[in-house]
Structure formats: C-alpha cells, structure tokens
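To start, the structure under review is shown below, and the notes come after it.
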Amino acid sequence: MSALALIDGNSFYCSCERVFDAKLERRPVIVLSNNDGCAVARTAEAKALGIKMGQPMFQIRDLCRDSKVAVFSSNYALYGDMSRRMNAIYDTFSPDVEIYSIDESFIDVSRLPVKDRTAWASDLRSTTRQWTGIPTCVGIGPTKTLAKLANKAAKKLPGGVLDLSDPAEQTHVMADFPVGDVWGIGRASQLKLAALNIRFAGQLRDMDPKLARQIMTVVGERIIHELNGRPCIALETVAPQRKGCAVTRSFGSRVTTKVEMEQAVADYATRLGEKLRRHGLATDHVTVFMHTSQFNDDEPQRNVSMTVDIPEATNDTLTLIKAARRAVDALWKSGYRYSKAGIITQDLMPPPIPQRALFDNLDHDRASKVMAAMDEANRRWGRATVVPAAVGIAARSAFTTKFEMRSPRFTTRWDELPECR
DNA sequence: TCTGGGGTCCTAGGACCC
DNA sequence: TCTGGGGTCCTAGGACCC
C-alpha cells in the first residue's frame, strides 16, 4: 500500500522573511510579485485583513500602511536557499523525496519502518522548524492527490499534521472539502462541476470516471482515481529533463521607444543564455513577444510574437541576442505603450559537440570561453557585473524591474549576512 | 499612475502522406 | 453533383500548477 507525505512551508516566502527578523513574528507580512506588482504570499494575519492572493499592491497600499503590514519585494535568492536547506532535512527522513516546488516536497513513507505516521510527521515538522525556522504542515495519503488534500486540511489543525491513510477518515474530511481546493481542479473545471451540482471532494470522488473524462479530459479522470486511493501520478525522485525555458518581465514603467525594447529583450536573452548554460542545454530557436497592458483597454492594444530560427543549437548569449534582435526589428511598431516582453524557447537539447576538423574555425570555442568567463565573473561579483554591450546600462533604463522593498540576501551573499548585536 | 513569472500537460484541428 | 480512409506530425490554445 502506497503512502506519500506532502510537506510544505506555511506562507513560505513570508516565513523566510520572518526567520531573519523576530519582530515580524506578530505582524502581518506579505511578499510581492516581481515588479512589486501584487501580493503573492500572505501570512494568516495578512489574510485576516482581507488581502487576497494576487491582489494588486496599489489597491492595498493604504490598508498596509494603516495596519502596519510588513511588505517585501520577492527575494528568490533567499527563498531558494531556504528551500535547499529544508530538502536536505527531508533527505535524512526518507531516501525517496520529490521536490515538487520551491516550498513543497513529496516524501515516500510506505517503505519506512514507521508505526505511527502522525508521530513521524510531527518529528519531521519540528526538526524542520528547529533547523531552518520555517513552519510547515504535513499531509499523508495513499496518492499524491490525497496527500495534497490532507496537507490542505492539516493547515487548520493545531498539530499541522493529518494522516489520511484510513478510508473512513478520507470520507469524513472530503465531505465538506471544497472541490475547487482539490489539486488539479481550477476555475474552469469548478464551473463545470458546479453545473452538475458537485461541490465537495467527496462528491467528486464518487463521480463516474468516464463522465469526468468527458468534461475535464484525462486529467479529470485521473483525479477521480486518485481520490479513490488508486495512484495515477507517480513519485518522481529524479527531476525530468526540462523542456522549455523562458525569461519574461513586466516593465518598471511603460516602454515606448525601440531602443528601450531592444535593450530589454537583449537583457532577457542574456538571462536566457545564463539559464541554458547553467542547465547544460541549448536551443535552435527563440520566440520573442511584446504586448501592451490588458488592464488599460482604453488604449490601443498590441500583442505580437515571432519565432526566429538559429542555424545550430546554441547557448551563446551573443547569438541569442542577435536572433532576438531580429524578432524585435520585425515586431516593433511605435505608438503603443508596451507593458511587457519576453523571450521563450522550447525543445531544449544538449549543446552540439564542437567539430574539431583540421580547417574548422575556432569561433565556437572562443564563444564558449567568453561565456564561461562572463558567468564566472557574474557568479563571483554579482549578477550583471559583466553584460553584453547590447544590454546597455540596464540599471538606468526605464524597463528595469522594481524591487524597492527587497530584504538582504542573508544566506547567499557574504556582504549581506545578518549581524548579531 | 500602479495588476508576476515560469513551468507542464492535453486536445483539437490543420497539413501532409499513402 | 460526384469527389475515401486512415495514419502521423505539428502547432496553437486552454487549463492548471506554484
């Protein structure tokens, strides 16, 4: 009988900020999206104030000031490092761990010599809390979907742990568990289910799998089986090869000139190259898109994209910039206030092995040496220490993303270490 | 004035082939 | 007016996730 635990950090980004400032412990805390646009993480206190997931900052600015909400820009260097520390702890509890997201991991408990799974989970929780400072919840079930459901239900329990191994207990919890909170049921499916008067997880579990397939594709059918304790979604302890890679950003302020757009896209292409090289991958095409803001629908709208092929798969930044620039050239049209652009690639592959023929030119070699030197300089002295000229002086450009309330990178930069006084 | 970013998976429909 | 059947492959778009 399979048994999986799902552990996740409570209000994870907010909890990371609290670890480094004890004074935040009793205050509502929120963390903002890129560009300081909207709230993407809220503590229980912030939720109680009525701050919604994804709510734009300009709508809650007054509330945050009046209620003394601690507001942070997102600090992914910090969250990523805290995540690594947590997973290092999970590895000591089980050999089979799947890192599902930055703050969630599935852990196989079926093969562990554990009698009391609730006690085991409580130990996992308290160890994680003690060693990293991050509060968590743990849900256990025979399938991933039931483990997720147990985890969600555990959030309301004082112990922060719920074991749903027992079918009677599953039935009890699912009876009033909102169907929209089931893993994999989004807004569209929720609407279709409501039309069938299916509102709770228990009703969804008892639905005819064939009907589920009709209205929600095979994804929906799998959910029914998983809720019935029949596993359809396997634990993946080794991360599969990634398939695509993208760098997309909203601008700090609207872009109206071609020069700014070229610099922004060159900057994104530079990041894309860094990412590809970090993963040891390459691509033979890039798609560039740019669009105006859908929220200003009284303004002229434009939403365009173009794919440019690259003759040979590469992760060389200068080649990527050249391809991206061709797309910008073709796509650019003035008279619009662009709010966002990005560069996307799919079908990633390993970089081609350089040909070492007698009369081969050495461009290939030289390019990869330049990239390696650039990556090393940026690793040692901070991102964007060395950038291609096409990017311009990004720090002074209008498109630069806003991070006005970012906390220090406490755990990953020596010069930003916290001090004890 | 100000509204995130980066992924995966699935399906329908068109292009193309024999 | 008649004008097959059945494969495969690719892409765009929808849905969902954190």
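Proteins come first, then strands; the chains are lettered A, B, ... in the order of their sequence lines, and each starts at number 1.
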Got a second to check how far A:Asp36's CG is from A:Arg406's CZ, nearest 0.5 Å? 9.5 Å

Rounded to whole Å, CD of A:Glu226 lies from P of C:dC17 at a distance of 14 Å

Value in whole Å for how far the C1' atom of B:dC2 lies from CD of A:Glu299: 13 Å

Decide if atom NZ of A:Lys152 counts as having more than 12 heavy atoms of other residues, nucleotides or ligands within a radius under 6.0 Å. no

Tell me, with the steps shown, if A:Glu376 and A:Arg379 meet salt bridge (charged side-chain N to carboxylate O under 4.0 Å, His left out). CA-CA 5 Å; A:Glu376 174 60 14; A:Arg379 191 188 66 74; 3.2 Å; yes

Atom CH2 in A:Trp183, atom CG in A:Leu149: separation rounded to 0.5 Å? 12.0 Å

Could you check how far CD of A:Gln214 sits from P of B:dA12, rounded to whole Å? 12 Å

Output the rounded distance in Å from NZ (A:Lys155) to P (C:dC18). 11 Å

Expressed as a whole number of angstroms, how long is the span from A:Asp8:CG to C:dC18:P? 9 Å

Intra- and inter-strand pairing of DNA chain B, written as dot-bracket with Watson-Crick and G-U pairs under 3.5 Å and | for the latter, reads ....||||||||||||||

Any chance you could lay out the side-chain hydrogen bond (donor to acceptor under 3.5 Å, both in side chains) test for A:Arg302 and A:Tyr338, step after step, and finish with the verdict? CA-CA 8 Å; A:Arg302 187 168 160 80; A:Tyr338 294 93; 3.1 Å; yes

Send over the distance from A:Asn303 CG to C:dA12 P, rounded to a whole Å. 14 Å

Using residues 130-143 of chain A as the side-chain source, report each donor-acceptor pair under 3.5 Å to any protein atom, sequence neighbours left out, with the distance given to one decimal.
unit_1	atom_1	unit_2	atom_2	d
A:Thr132	OG1	A:Thr128	O	2.6
A:Thr132	OG1	A:Ile134	N	3.2
A:Thr143	OG1	A:Leu146	N	3.1
A:Thr143	OG1	A:Glu226	O	2.9

With a 4.0 Å cut-off on heavy atoms, is A:Val31 in touch with a base, just the backbone sugar-phosphate, or nothing at all? nothing

Just wondering, are more than 12 heavy atoms of other shown residues or ligands nearer than 6.0 Å to NZ in A:Lys155? yes

Using the test salt bridge (Lys or Arg N to Asp or Glu O under 4.0 Å), find all partners of A:Lys210 that sit at least two apart in sequence or belong to another chain. A:Glu221

Using a 4.0 Å heavy-atom cut-off, write out nucleotides 3-11 of chain B from 5' to 3' as B (base contacted by protein), S (sugar-phosphate only) or - (no contact). BBSSSSSSS

Atom C1', compared across B:dC17 and C:dG4: separation rounded to whole Å: 14 Å

One pair to check against side-chain hydrogen bond (donor to acceptor under 3.5 Å, both in side chains): A:Ser250 and A:Asn35. What are the steps and the verdict? CA-CA 7 Å; A:Ser250 293; A:Asn35 228 11; 4.7 Å; no

Rounding to an integer number of Å, can you tell me how far A:Ile233 CD1 sits from C:dC17 C1'? 12 Å

Identify, residue by residue, the members of residues 183-196 of chain A with a heavy atom below 4.0 Å from DNA chain B, and return them in order of residue number, or none. none

Quickly work out the A:Met405 CE to B:dC2 P distance and round it to whole Å. 16 Å

For a quick test of your reading: what N or O donor-acceptor pairs under 3.5 Å do the side chains of residues 41-54 of chain A make, sequence neighbours left out?
unit_1	atom_1	unit_2	atom_2	d
A:Arg42	NE	A:Ile51	O	3.1
A:Thr43	OG1	A:Val29	N	3.1
A:Thr43	OG1	A:Glu45	OE1	2.9
A:Thr43	OG1	A:Ala46	N	3.4
A:Glu45	OE1	A:Arg18	NH2	3.2

Given the options A:Ile344, A:Ile343, A:Thr317, A:Leu272 meets side chain to side chain contact (heavy atoms under 4.5 Å, CB included) only with A:Ile343

